[in-house]
Amino acid sequence: MPTTTNSQETFKIGLCMAGAISAGAYTAGVMDYLLEALDNWEAMKKSGAPNIPKHTVEIPVIGGASAGGMTGIITAAALSDKIPPVQLTTLDPKNIRKEQPQNIFYHSWVDLIADDMFPLLLNTSDINQAKPSKIVSALNAEFIEKVANRALQAKQTPQQKRSYFSKNLKVFSTITSLNGLQYNVAFKSNNPDNDKYLINRHDDYGCFVMNNEGNKYNDDGWIPLDFYSNLNIDLAKQAAMATGAFPVGLKARPFTRNKNFIDDLSWLKDVTDFFPVQNDPHTTTNIDGGLINNEPFEKVRELLNDASGEKGKTYQKYDTFKSTVLMIDPFPSESNPFNPDDAIGNVIGNTLSSMIDHLRVKPATLIDALDSDKAGQFLISPTRTIVIHGVPKKVHASKAIACGTLGGFGGFLHKEFRIHDYFLGRANCEKFLRDYFTVPLDTANPIFVQGYQGIDNTPFRSLEDNSLQIIPIFTKRQASMPMPIFSCGLNWPIRVESEIDAFDKPLRKRVEAILFNLTEYSTLEKGLLWAGAKLLLNGKLSSVALNTIKKSLRDNSLLG
């Protein structure tokens with residue numbers, strides 16, 4: 001391997017976490033193993049043990065959308081906490097559903113507040129039964145506040161120092177603002193009273209910087225955040241809930257900030273420089289950040305370039321890159337055949353898909369950066385082999401995770417689905433770090449040349465192509481994927497139809513409550529509406545909904 005006399009540099013990793021809904025359990029599992037691996041490496045360096053790679057890595061930015069944005073903010077809250085990894089040996093084999101409150105990732109995404117969350121989502125406690133009330137979402141979203149309040153709270157004394165996180169770590173979540181930032185384009189018109197073309201821009205961001213010196217605001221839109229001095233924790237909580245507010249399904253969320261946190265942010269200044277926010281503080285009503293930008297890797301890359309000083313495309317070559325984007329995506333994009341049917345239902349579906357796809361279009365320079373042969377970005381996504389009725393089957397993406405059904409809401413049907421995805425995330429991350437998050441064996445990159453200089457690098461080589469690990473793994477490679485045995489007797493969780501049928505009564509009750517409270521009616525009108533709802537629900541609506549759930553589970557081999 002070539003040698004060099006250049007001074008040692010730190011390799012920087014930007015984490016990008018895509019939207020996932022209940023499959024945030026997968027992202028949480030990836031983060032659990034990633035921190036475990038980095039903690040192990042730090043401990044090995046401090047121990048003075050021989051044959052330890054000497055290079056260093058640093059995470060200066062975490063960005064995400066929806067469940068990914070929420071996980072990023074949860075990570076920020078736990079930077080200095082002890083986080084015992086939830087390994088297979090951690091679980092009680094007689095009760096694998098036992099809570100693990102010592103691990104913030106597991107507790108927030110797997111434990112939630114109940115094993116089966118679906119009855120809570122259908123609960124009508126958020127609807128006033130005594131008189132007509134406002135309906136804020138199709139599902140009851142009260143559990144989100146409980147999880148956010150538990151995970152994001154002021155802390156006492158830091159328990160652990162993790163030097164691989166930047167002291168001034170930047171954490172952001174994408175948000176879709178329903179208010180939008182209004183601006184106008186002036187036209188010379190034959191009607192002087194109507195010479196402006198008004199436009200609303202709806203992409204927004206909750207941007208935070210950790211442990212900023214003196215917790216001072218730098219006039220850049222990045223909100224100082226400190227969990228030990230209770231600085232702006234409430235804003236972080238608002239941003240976390242806002243980015244995960246799935247449209248219609250879950251409650252829209254407010255985000256109230258000082259106007260300068262919006263006006264000063266570079267990502268919005270093309271509007272705010274000319275049309276600054278008027279109200280101070282400014283409150284927006286927001287839904288899921290994934291609607292407009294579900295994989296904000298371009299923003300992570302921009303911040304990485306600032307942190308690493310990289311210019312041009314040096315980050316796309318293994319011999320010169322000083323940083324890379326690591327994206328965690330439980331639902332990586334898949335090519336699906338287009339259905340040209342002009343039936344109105346299909347056209348509505350295609351229209352919504354077209355709008356969302358176009359909202360997420362990246363600039364051409366970033367599309368070019370997605371070339372899989374380039375070094376500037378890596379991806380961890382679900383993959384595994386399942387054995388159903390004795391037949392092994394290799395599955396990927398949404399088919400590999402148990403929470404991938406019902407458009408990502410499947411994990412709320414049973415805790416075992418979330419447990420599976422958490423352990424799959426851990427297993428996929430381990431395999432990824434061992435064999436894919438690597439540089440060529442003959443690299444001339446000075447960071448890794450010096451890092452591996454003078455040691456036996458054999459234990460840190462990929463089995464795929466003999467390349468060198470960027471994050472060295474010190475545990476023994478396991479012969480099979482570590483996965484719990486679930487109540488069905490398999491390492492793949494399966495529910496039975498009777499468990500789904502049990503949702504019939506709460507489903508009917510919630511739909512009745514929604515119909516009854518959509519608007520104010522006279523007593524007679526309410527009686528007629530209630531009677532009609534009962535007839536409708538007792539007829540087909542409930543059975544159609546339950547059959548849809550069953551079909552989704554059956555298609556993913558999750559129903560026995």
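Values reported hereafter were calculated over all heavy atoms of this structure, with side chains retained and with hydrogens, waters and symmetry mates removed.
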Hey, is the main chain of [Y] close enough, under 3.5 Å, to the side chain of [X] for a donor-acceptor pair?
X: Asp92; Y: Lys94; answer: yes
X: Thr71; Y: Ala67; answer: yes
X: Asp288; Y: Gly290; answer: yes
X: Asn428; Y: Thr383; answer: yes
X: Asn232; Y: Leu225; answer: no
X: Asp32; Y: Val86; answer: yes
X: Asp329; Y: Phe331; answer: yes
X: His282; Y: Arg257; answer: no
X: Arg510; Y: Asn123; answer: yes
X: Arg384; Y: Ile401; answer: no

Within the structure provided, determine whether [X] and [Y] are in side-chain contact (heavy-atom separation under 4.5 Å).
X: Asp204; Y: Thr176; result: no
X: Ile380; Y: Tyr26; result: yes
X: Phe118; Y: Leu507; result: no
X: His414; Y: Arg97; result: yes
X: Val395; Y: Thr385; result: no
X: Lys509; Y: Thr124; result: yes
X: Tyr33; Y: Pro85; result: no
X: Phe412; Y: Leu406; result: no

(request) Using the test ring pair (Phe, Tyr, Trp, His ring centres under 6.0 Å), find all partners of Phe255 that sit at least two apart in sequence or belong to another chain. (result) none

(message) Can you list everything that forms a ring pair (Phe, Tyr, Trp, His ring centres under 6.0 Å) with Phe227? Sequence neighbours excluded, please.
(response)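 Testing Phe227 for ring pair (Phe, Tyr, Trp, His ring centres under 6.0 Å), a comparison that skips the adjacent residues, returns none.
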
(request) Verify the distance criterion only: is there a donor paired with an acceptor across the side chains of Ser173 and Thr243 at less than 3.5 Å? (result)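 Checked: Ser173/Thr243 side chains show no N/O donor-acceptor pair below 3.5 Å.
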
(request) Go through the steps for Lys146 and Glu142 under the test salt bridge (charged side-chain N to carboxylate O under 4.0 Å, His left out), then give the verdict. (result) CA-CA 7 Å; Lys146 295 178 181 179; Glu142 291 176 340; 5.5 Å; no

Find the distance between [atom1] ([X]) and [atom2] ([Y]) and round it off to the nearest 0.5 Å.
X: Ile104; Y: Leu152; atom1: CD1; atom2: CG; answer: 6.5 Å
X: Ile175; Y: Gln238; atom1: CD1; atom2: CD; answer: 9.0 Å
X: Ile113; Y: His107; atom1: CD1; atom2: NE2; answer: 10.5 Å
X: Ile419; Y: Leu424; atom1: CD1; atom2: CG; answer: 13.5 Å
X: Thr75; Y: Leu15; atom1: OG1; atom2: CG; answer: 8.0 Å
X: Cys16; Y: Arg301; atom1: SG; atom2: CZ; answer: 11.5 Å

(message) Once side chain to side chain donor-acceptor pair (under 3.5 Å) is applied, do any residues pair with Lys415, and if so which ones, sequence neighbours excluded?
(response) Asp111

(request) Using side chain to side chain donor-acceptor pair (under 3.5 Å) as the criterion, list what pairs up with Asn140, not counting sequence neighbours. (result)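 Applying side chain to side chain donor-acceptor pair (under 3.5 Å) to Asn140 gives Ser125, Asp126.
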
(message) Restricting to salt bridge (charged side-chain N to carboxylate O under 4.0 Å, His left out), what partner residues turn up for Glu499, sequence neighbours left out?
(response)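 Testing Glu499 for salt bridge (charged side-chain N to carboxylate O under 4.0 Å, His left out), a comparison that skips the adjacent residues, returns Arg495.
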
(request) Report yes if the distance between the aromatic ring centroids of Tyr422 and Phe105 is under 6.0 Å, otherwise no. (result) no

(request) May I ask you to check whether Phe172 and Trp267 place their ring centres under 6.0 Å from each other? (result) yes

(message) Could you report the tightest heavy-atom contact between Ala25 and Arg418, atom names first, then the distance?
(response) CB-O, 3.6 Å

(request) State, to 0.1 Å, how close Ala513 and Ile135 come at their nearest heavy-atom pair, and which atoms those are. (result)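 Scanning both residues completely, I find the closest heavy atoms to be O-CD1, 4.3 Å.
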
(request) Not counting sequence neighbours, list each pair that qualifies as a salt bridge (charged side-chain N to carboxylate O under 4.0 Å, His left out) and has a residue in residues 551-560. (result) Glu497-Arg554, Lys551-Asp555

(request) Report the relative orientation of the aromatic rings in Phe432 and Tyr436; use parallel for angles under 30°, tilted for 30 to 60°, perpendicular for over 60°. (result) parallel

(request) Check step by step if salt bridge (charged side-chain N to carboxylate O under 4.0 Å, His left out) holds for Arg426 and Glu36. (result) CA-CA 10 Å; Arg426 280 182 52 85; Glu36 179 185 351; 2.9 Å; yes

(message) What I want to find out is whether Arg150 reaches Glu145 closely enough, with some N-O distance under 4.0 Å, to be called a salt bridge.
(response) no

